[in-house]
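To start, the structure under review is shown below, and the notes come after it.
No hydrogens, no waters, no symmetry mates; every other heavy atom, side chains included, goes into these values. Note that this is a predicted model, so its numbers are computed, not measured. Note on naming: letters A, B, ... go to the chains in the order of the sequence lines (proteins, then strands), and numbering restarts at 1 for each one.
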Number of protein chains: 2
Amino acid sequence: MVEFSGSDGFGMTGDLSDLVVNTPRHFPRGYSIYQAGEKGGAWRVVAGTVRLDRGQDGDGNDALASLAVVGDIIGAETLLFGRYTFTARALSDCTLIPWNEYGERPGHEGLLKALARAEQRFADILALRTGRAADRVARLLSIMSFGVVGRRTLAGQVLPRLRDIAEITGLTIETVSRTIKQLRGEGLPGLTDGQSTAEKEKDASGR
Amino acid sequence: MVEFSGSDGFGMTGDLSDLVVNTPRHFPRGYSIYQAGEKGGAWRVVAGTVRLDRGQDGDGNDALASLAVVGDIIGAETLLFGRYTFTARALSDCTLIPWNEYGERPGHEGLLKALARAEQRFADILALRTGRAADRVARLLSIMSFGVVGRRTLAGQVLPRLRDIAEITGLTIETVSRTIKQLRGEGLPGLTDGQSTAEKEKDASGR
DNA sequence: CGAAGTATTGAAAAGCATCAAAAGTGGTGG
DNA sequence: CCACCACTTTTGATGCTTTTCAATACTTCG
């Protein structure tokens, strides 16, 4: 079992200060941040994108539960249960900090904000499963681009695994592969930080 | 704006709810519970299913944001903003009570529970957009059956509008129509099929 | 180097969307 | 009570999108 727990900073691998309460933690793409059932606390995403999964879906595949991008809180349920109910993995390189505002338990307002953010995020994710393959993938990359430092995602360099993209968008790996190839050919429209305007240009240009 | 009175005969206009703390309100299928932007408070769903929508999706159609079934809280964001961020409609006949625990603002634990429930619900709804049409529709009806008194939904009598089912599952109305016809012909096997033990209990106990 | 995972590509088929039209349903006013 | 309207549901025919199956390359890492 990999020990990354604790907001006190003890036992952290290669981190600088044990004294600071909110020590940022960095996770590379694909890294498992925590597993469902483990003890631990809540985190705030300050860079990158995190994927949350709910156990197995019967075929041995994890079933996507949610995504978290910059500003989102993950693992808030630990404040109630003490354990995680979902499994978290880094979709892209990402940075988290323990979510304990000013060293104390998050208050009323903090919880409400987290809830409101979660609801908004969910509507975004749900929309990723509507429309054509090209639109879905482009939308996902657009959402993720907010959480990527620099333009790597925009340039198509540091994409998540196709398998992750496929599971999030509800497509197959093959379709995602073909879709990304197509998007590259079109110059990746819509991937630059907004989305809607560039999206329409793509539609107009044909494919 | 139409004021719908509770089934108990109280003619509520919202302001009087200071006196009667937890007065249940009943809404018929299709009824608009609240609109995004309106002032109001949070509710707990005690019967039926509520659909939450986020504004227009560009084509004039509401974009599904979430569903709420028995036990779920809707409109919690009003505790922070004072106004609703989503629009709520009754997918089936449903009953709500104002969410103010013991006449006070919901506390820390109540909020955490609401958040945890919302996250679970998200995962359920996301799953409704994966797999084949027949599975999706059957899963939705399964989720909703928890909130329907009696077996009407199982018997196919008091279904939501096909349009709602279509928008929730990400299918077209035509496909949903054909799918439901097929499920009926099969005796609705899909409803017990994948997951819910409660489904089978419901069938066995016979309303 | 070899193994395991990951990505690409093709061809064929399944599934669903689309378009179109008819039939059913509920509510309103004459 | 009926005619009428708006909306919803059903059904058919057709074709596009995506999946499926299969085979091959590319990457990463012990």
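- Look at CD on Glu167(A): it is 12 Å from P on dA7(C), rounded to the nearest Å.
- Of the two residues contacting DNA chain D, namely Val176(A) and Ile173(B), the nearest-nucleotide position lying further toward the 5' end is that of Ile173(B).
- Taking atom CG of Asp135(B) as the reference point, atom C1' of dA14(C) lies 15 Å away to the nearest angstrom.
- Heavy atoms of Gly30(B) sit nowhere under 4.0 angstrom from any nucleic acid atom.
- Taking atom CG of residue Leu162(B) and atom P of nucleotide dG24(C), one finds them 16 Å apart after rounding to whole Å.
- In terms of phosphate contacts, Thr175(B) brings a side-chain nitrogen or oxygen within less than 4.0 Å of OP1 or OP2 of dA17(C).
- Taking the screw axis at each terminus of the helix from dC1(C)-dG30(D) to dG30(C)-dC1(D) from five consecutive base pairs, the angle between the two is 50° to within rounding of 10 degrees.
- Map Arg136(A) and Arg161(B) each onto its nearest nucleotide of DNA chain D; the residue landing nearer the 5' end is Arg161(B).
- The shortest distance between side-chain heavy atoms of Tyr84(A) and Glu77(A) falls below 4.5 Å.
- Atoms CZ (Arg163(B)) and P (dT9(D)) sit 10 Å apart, rounded to a whole Å.
- At a cut-off of 3.5 angstrom, counting only N and O atoms as typed in the model, there is no donor on one side facing an acceptor on the other between the side-chain of Glu174(B) and the base of dC16(C).
- Rounded to whole Å, the distance from CZ on Arg132(A) to C1' on dG15(D) is 12 Å.
- Distance, Ile165(B) CD1 to dC16(C) C1': 17 Å, rounded to whole Å.
- The phosphate of dT11(D) (OP1 or OP2) has a side-chain N or O of Lys181(B) nearer than 4.0 angstrom.
- Residues Arg129(B) and Thr130(A) have side chains that bring a donor and an acceptor to within less than 3.5 angstrom of each other.
- Between Asp164(B) and Arg161(B) a salt bridge is recorded (basic side-chain N to carboxylate O distance below 4.0 Å).
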Quiz item: Which is it for Glu174(B) and Arg178(B) under the salt bridge (Lys or Arg N to Asp or Glu O under 4.0 Å) test, yes or no, and what are the steps along the way?
Solution: CA-CA 6 Å; Glu174(B) 295 94 327; Arg178(B) 286 182 251 259; 5.8 Å; no
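- The CG atom of Leu171(A) sits 10 Å away from the C1' atom of dT19(D) (whole-angstrom rounding).
- Put simply, the side chain of Ile180(A) reaches to within 4.5 Å of the side chain of Leu162(A), judged on heavy atoms.
- Of the inter-residue distances, the one linking Arg44(B) atom CZ with Asp72(B) atom CG reads 8.5 Å to the nearest 0.5 angstrom.
- Checked against dT9(C), dT10(D), dT18(D), the side chain of Ser177(A) finds its nearest nucleotide in dT9(C).
- With hydrogens and angles ignored, a donor-acceptor pair closer than 3.5 Å exists between the side chain of Arg178(B) and the base of dT18(C).
- Side chain of Asp93(B) to backbone of Arg29(B): a donor-acceptor contact under 3.5 angstrom is found.
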